[in-house]
Amino acid sequence: MSGIDNVLSIELGQFRVSLICDGHYRLDGGAMFGVVPKPVWAKRMPADEQNRIRMGMNCLLVETGRENILVEAGLGTFSDEKLRQQIALEQPSTILDGLHTLGVAPGDIQHVVLTHLNFDHAGHCTTRGDDGVFRPTFPAARYHVQKSEYDFAVDPPRRLRASYVPQSILPVMEAGQWDLLEGHGSITHGVRVRHTGGHTAGHQAVYIESDGAELVFWGDLMPTSRHMDPGYGMAYDLYPMDTLRVRAELAEDAVDRGLLSAWVHEPELRFGRIRRGEKYYEIEAVTG
């Protein structure tokens with residue numbers, strides 16, 4: 001395992017898999033842990049004076065030797081100043097900086113896989129040029145998301161409009177680069193998605209496999225390693241009972257098969273394995 005700046009890399013079979021942080025932000029801890037009381041969740045993720053917890057915006061780069069696959073696209077850099085202050089954004093470097101560190105240019109990415117299209121997961125899908133026009137950041141890539149997620153994101157109900165940024169989504173369609181999925185499926189050799197629902201109706205988890213070694217990137221089905229246990233859902237989940245049901249099913253599968261895990265909102269870059277503990281689950285850190 002190696003880490004440079006906002007990048008942490010590990011070998012997975014024949015693949016190199018790297019977590020890249022697009023920065024940190026803060027959201028209300030009560031919203032992030034739903035019905036779990038603060039005296040319980042605060043032991044896992046302490047809150048600041050405004051009841052906010054610090055979280056990462058982590059993306060995953062998979063280098064297979066033949067293709068480069070980016071999972072998630074972070075917040076991006078064009079959010080307005082009001083939002084940046086509200087979420088106490090810390091962004092000394094972005095995923096584009098991390099890709100540069102790894103020697104990967106935007107044009108070297110063949111696939112971009114989005115677990116869903118909320119603003120903090122799809123921000124780098126596009127980049128605003130000097131002419132003010134938004135264009136796909138990764139010009140040679142196919143962008144993969146569930147069709148149900150795309151349809152919802154381009155026409156969300158009024159109360160959820162702030163969760164989606166059209167400038168991150170529509171230019172990709174105009175460029176003809178979306179691949180709209182309907183259910184579980186393979187993206188390319190060694191990379192597949194599982195439609196989970198829960199957080200949104202079109203949410204999907206991403207599985208990476210090489211030479212018998214396998215990793216699951218949970219997206220917001222399990223946003224941090226602190227959300228493993230039964231009942232630890234978010235108030236942001238549109239279908240919370242689906243989140244709890246599917247996460248329990250996939251967590252048991254990850255334990256039984258010894259899968260690696262990576263988390264989109266973990267505040268520190270790390271990989272781990274979920275193990276059964278005395279009461280619920282524990283995380284075994286993976287160091288190489």
Side-chain angles (χ1 to χ4, degrees), residues 6-8 17-25 55-63 67-80 83-84 87 89-91 93-102 104-129 134-147 149-150 152-154 162-181 187-188 191 193 199-200 202-206 208 217-221 223 262-266 269:
N6 64 331
V7 176
L8 183 66
V17 178
S18 301
L19 277 169
I20 308 174
C21 184
D22 198 46
H24 290 81
Y25 67 158
M55 303 188 302
M57 292 179 285
N58 305 323
C59 307
L60 196 71
L61 176 69
V62 182
E63 297 172 90
E67 294 180 300
N68 298 312
I69 301 97
L70 181 67
V71 181
E72 300 289 69
L75 180 70
T77 57
F78 55 84
S79 54
D80 62 59
L83 173 63
R84 297 169 83 88
I87 63 176
L89 179 65
E90 308 165 41
Q91 200 177 39
S93 57
T94 71
I95 61 172
L96 298 182
D97 297 318
L99 290 173
H100 179 75
T101 296
L102 293 167
V104 178
D108 297 332
I109 302 292
Q110 284 79 35
H111 300 277
V112 178
V113 186
L114 289 309
T115 63
H116 61 300
L117 294 174
N118 282 168
F119 72 91
D120 53 339
H121 294 254
H124 281 287
C125 284
T126 62
T127 301
R128 181 165 51 193
F134 288 89
R135 298 179 179 87
T137 303
F138 308 99
R142 299 297 299 169
Y143 288 66
H144 307 270
V145 76
Q146 291 290 318
K147 183 177 185 299
E149 177 69 14
Y150 177 85
F152 188 87
V154 297
S163 297
Y164 298 95
V165 179
Q167 298 96 318
S168 296
I169 302 169
L170 297 179
V172 180
M173 178 58 76
E174 293 166 1
Q177 291 179 237
W178 278 119
D179 177 20
L180 301 180
L181 310 170
I187 300 301
T188 188
V191 181
V193 297
H199 182 62
T200 66
H203 186 279
Q204 59 188 4
V206 184
I208 316 297
F217 186 86
W218 294 93
D220 274 348
L221 188 71
W263 297 273
V264 64
H265 291 311
E266 188 73 17
L269 288 178

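Quantities reported herein were computed from a predicted structural model and do not represent experimental measurements. All residue numbers refer to positions in the sequence shown, counting from 1.
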(message) Please enumerate all residues that pass side chain to side chain donor-acceptor pair (under 3.5 Å) together with Trp263, with sequence neighbours excluded.
(response) none
(message) Can a donor-acceptor pair be found, under 3.5 Å and without considering hydrogens, that links the side chain of Asp22 to the backbone of Gly76?
(response) yes
(request) Name all residues meeting the side chain to side chain donor-acceptor pair (under 3.5 Å) criterion together with Arg135; count only those two or more places apart in sequence or in a different chain, and write none if there are none. (result) Asp131
(message) Using the ring pair (Phe, Tyr, Trp, His ring centres under 6.0 Å) criterion, which residues pair with His124? Sequence neighbours excluded.
(response) none
(request) Kindly give the heavy-atom pair with the smallest separation between Phe138 and Val112, and that separation in Å. (result) CD1-CG2, 3.8 Å
(request) Grab the two heavy atoms, one from Cys59 and one from Leu70, that are nearest each other, plus how far apart they are. (result) CB-CD1, 4.3 Å
(message) With a 3.5 Å distance limit and no angle check, can you tell me whether Trp178 reaches the backbone of Lys147 through a side-chain donor-acceptor pair?
(response) no
(request) Please identify each residue that fulfils side chain to side chain donor-acceptor pair (under 3.5 Å) with Gln146, with sequence neighbours left out. (result) Gln204
(request) Name all residues meeting the side chain to side chain donor-acceptor pair (under 3.5 Å) criterion together with His144; count only those two or more places apart in sequence or in a different chain, and write none if there are none. (result) His111, Asp179
(request) Give the minimum heavy-atom separation between Asp108 and Asn68, together with the two atoms involved. (result) O-ND2, 2.9 Å
(message) Holding to ring pair (Phe, Tyr, Trp, His ring centres under 6.0 Å), I want the full list of residues that pass it with Tyr25, two or more places apart in sequence or in another chain.
(response) His265
(request) Mark yes or no for whether Asp120, through its side chain, and Met57, through its backbone, hold a donor-acceptor pair below 3.5 Å. (result) no
(message) Could you check whether any side-chain N or O of Gln110 sits under 3.5 Å from a backbone N or O of Arg142, counting only pairs where one atom can act as donor and the other as acceptor?
(response) no
(message) Please give me the minimum heavy-atom distance between Glu72 and Val264, naming the atom from each residue.
(response) OE2-CG2, 3.8 Å
